[in-house]
2 protein chains.
Amino acid sequence: MTDDHGRTTYRHGDLRGALIAAGIEMAREGGPDAVVLREATRRAGVSPNAAYRHFDDRDALLREVSDACLGLAADRIERSFDEHPPTGDPQADARQLLRSVGLGYLGFAREEPGLFRTAFSVPDNLNRAAESAKAGRRGRTPFQLVGVALDALLEAGLLPPERRPNAEFLAWATVHGLGMLVIDGPLRGLDDRMIDFATERLLDMVDRGL
Amino acid sequence: MTDDHGRTTYRHGDLRGALIAAGIEMAREGGPDAVVLREATRRAGVSPNAAYRHFDDRDALLREVSDACLGLAADRIERSFDEHPPTGDPQADARQLLRSVGLGYLGFAREEPGLFRTAFSVPDNLNRAAESAKAGRRGRTPFQLVGVALDALLEAGLLPPERRPNAEFLAWATVHGLGMLVIDGPLRGLDDRMIDFATERLLDMVDRGL
DNA sequence: GTAGGGTTGTGGACAGTGTACACATCGCGT
DNA sequence: ACGCGATGTGTACACTGTCCACAACCCTAC
């Protein structure tokens, strides 16, 4: 436990970090709506208004929590990379790389639906998609990871150069959509085998159609 | 105006409908979080608690608003059908049918982002995806419309029978994902031309990869 | 080392929300 | 005509985000 809830000093030490951590925990259980400012301060053992020394308002806190969630998604994708190490065949490896992005992304959505929803609950845009706040431990954001995989496909000659620009949008949209439908869309409640199967087919489609 | 705000009778007449209508209007402007029960009753010219005669709680109201939004999405897709009438070539027509679903769906997301987000803000599952409450004026839900298009592809011989089962998931996930990314994901703020282009490419991908 | 001064946390207050409970008013079927 | 179930009202409470004035602290300049 890193929280000095029962602190003795007047200053907290790292209230900002504690509030974000509390926010992530709440987001994990209940999604973006569950990250409530007062509760975060309560968990940090501090009065409600203390939060305003570190965040303009609740939205600012949520934004930071959301960025952190994107970082966790990046971590999950990197883990998926590690689980499918390159074999030496450049073409097969490139395809597996993109597949791994999809698998990691969807794994994150299924394992941490609250964090997943929180990650995308805050309006964003392309300019900010590569901000370091959204990066995982290895310093890359999910958006960048998709790009890496696509670059590999390009280099392996599996993606015609004229199709490379903005291909991120297509790949990302596809897995993102499945993620959303699975966690609280109509595909919710499907058994795991079914979802695995849909995932494989979806990735096949991307592989074939990109 | 159908709202009898300045009513003279004790009974409202159609409070239930008025609350849903007010909810839709609020959702249009601010998405699911903006549909607030008290404000709905205010707009209906009624005391806050009157709502509880028609809905268990705020969530129940939101659910109904959400269903209505899905119906509006269905209407938008049907409009897209009308804009791309069949030409007589069964294969081309079938492909255009699926394309029209995608275009209508994404058109709805872009034209009515608040309603779009509201439509998918409520946990759902497959069993309920065909409920008549979610249907448009012509009685079909968005999920059913995707199915119709896929059936046409099957019949035209463009979709191998073994790939027909659950193909809804793939097609839907793809356009849904693009919709989400465009309205408040990283693709937000892209100019229309760019989005049109991405839409076309996405639909090409589905066409090729399904 | 001591007097400020900026930073961080506190306390009290207010509007707005969802919702429970008791009460009022009405329309309809007997 | 009456009474009962359905619909709308009033009051109240806990909870939220946020504003303002105040308190406690740490750091820096003399």
Item to check | Pairs involving residues 49-72 of chain A, ordered by first then second residue, that meet salt bridge (charged side-chain N to carboxylate O under 4.0 Å, His left out) (sequence neighbours left out) | outcome: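 Qualifying pairs: A/R16-A/E64, A/D67-A/K134.
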Checklist entry - What pairs meet the salt bridge (charged side-chain N to carboxylate O under 4.0 Å, His left out) rule with one or both residues in residues 196-210 of chain A, with sequence neighbours excluded? => result A/R95-A/D207, A/R99-A/E200, A/R99-A/D204, A/R110-A/D196
What's the [atom1]-[atom2] distance between [X] and [N], to the nearest Å?
X     : N      : atom1 : atom2 : result
A/D59 : D/dG17 : CG    : C1'   : 11 Å
B/L15 : D/dT9  : CG    : C1'   : 13 Å
B/D14 : D/dA6  : CG    : P     : 18 Å
A/L61 : D/dG17 : CG    : C1'   : 12 Å
A/L19 : D/dG17 : CG    : C1'   : 14 Å

Any pair counted as ring-ring contact (aromatic ring centres under 6.0 Å, His included), so long as it reaches [range], sequence neighbours left out:
range                       : value
residues 20-45 of chain A   : none
residues 112-145 of chain A : A/Y105-A/F116, A/F116-A/F120, A/F116-A/H176, A/F120-A/H176, A/F143-A/W172
residues 42-80 of chain B   : none

Checklist entry - Which residue, B/P48 or A/H54, contacts DNA chain C at a nucleotide closer to its 5' end, judged by nearest heavy atom? => result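 It is A/H54 whose nearest nucleotide is closer to the 5' end.
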Checklist entry - Relative to the 5' end of DNA chain C, which residue comes earlier, A/S47 or B/T9, by the nucleotide with the nearest heavy atom? => result A/S47
Checklist entry - Taking 5' to 3' order, which nucleotide of DNA chain C is first and which is last to have an atom within less than 4.0 Å of a heavy atom in chain B? => result C/dT17 to C/dC26
Under 3.5 Å, sequence neighbours excluded: what are the donor-acceptor pairs made by side chains of residues 31-41 of chain B?
| from | atom 1 | to | atom 2 | distance (Å) |
| --- | --- | --- | --- | --- |
| B/E39 | OE1 | B/R42 | NH1 | 2.4 |
| B/E39 | OE2 | B/R43 | NE | 2.9 |
| B/T41 | OG1 | B/R38 | O | 2.6 |

Next on the checklist: Nearest 0.5 angstrom please: B/Q144 CD to B/E131 CD, how far?
Outcome noted: 11.0 Å
Indicate every side-chain donor-acceptor pair of residues 69-76 of chain A with a distance under 3.5 Å to a residue at least two apart or in another chain.
| from | atom 1 | to | atom 2 | distance (Å) |
| --- | --- | --- | --- | --- |
| A/D75 | OD1 | A/R137 | N | 2.7 |
| A/R76 | NE | A/E111 | OE1 | 3.0 |
| A/R76 | NE | A/E111 | OE2 | 3.4 |
| A/R76 | NH2 | A/E111 | OE2 | 3.0 |

Pairwise N/O distances under 3.5 Å, protein to nucleotides 14-16 of chain D:
| from | atom 1 | to | atom 2 | distance (Å) |
| --- | --- | --- | --- | --- |
| D/dT16 | OP2 | A/R42 | NH2 | 2.7 |

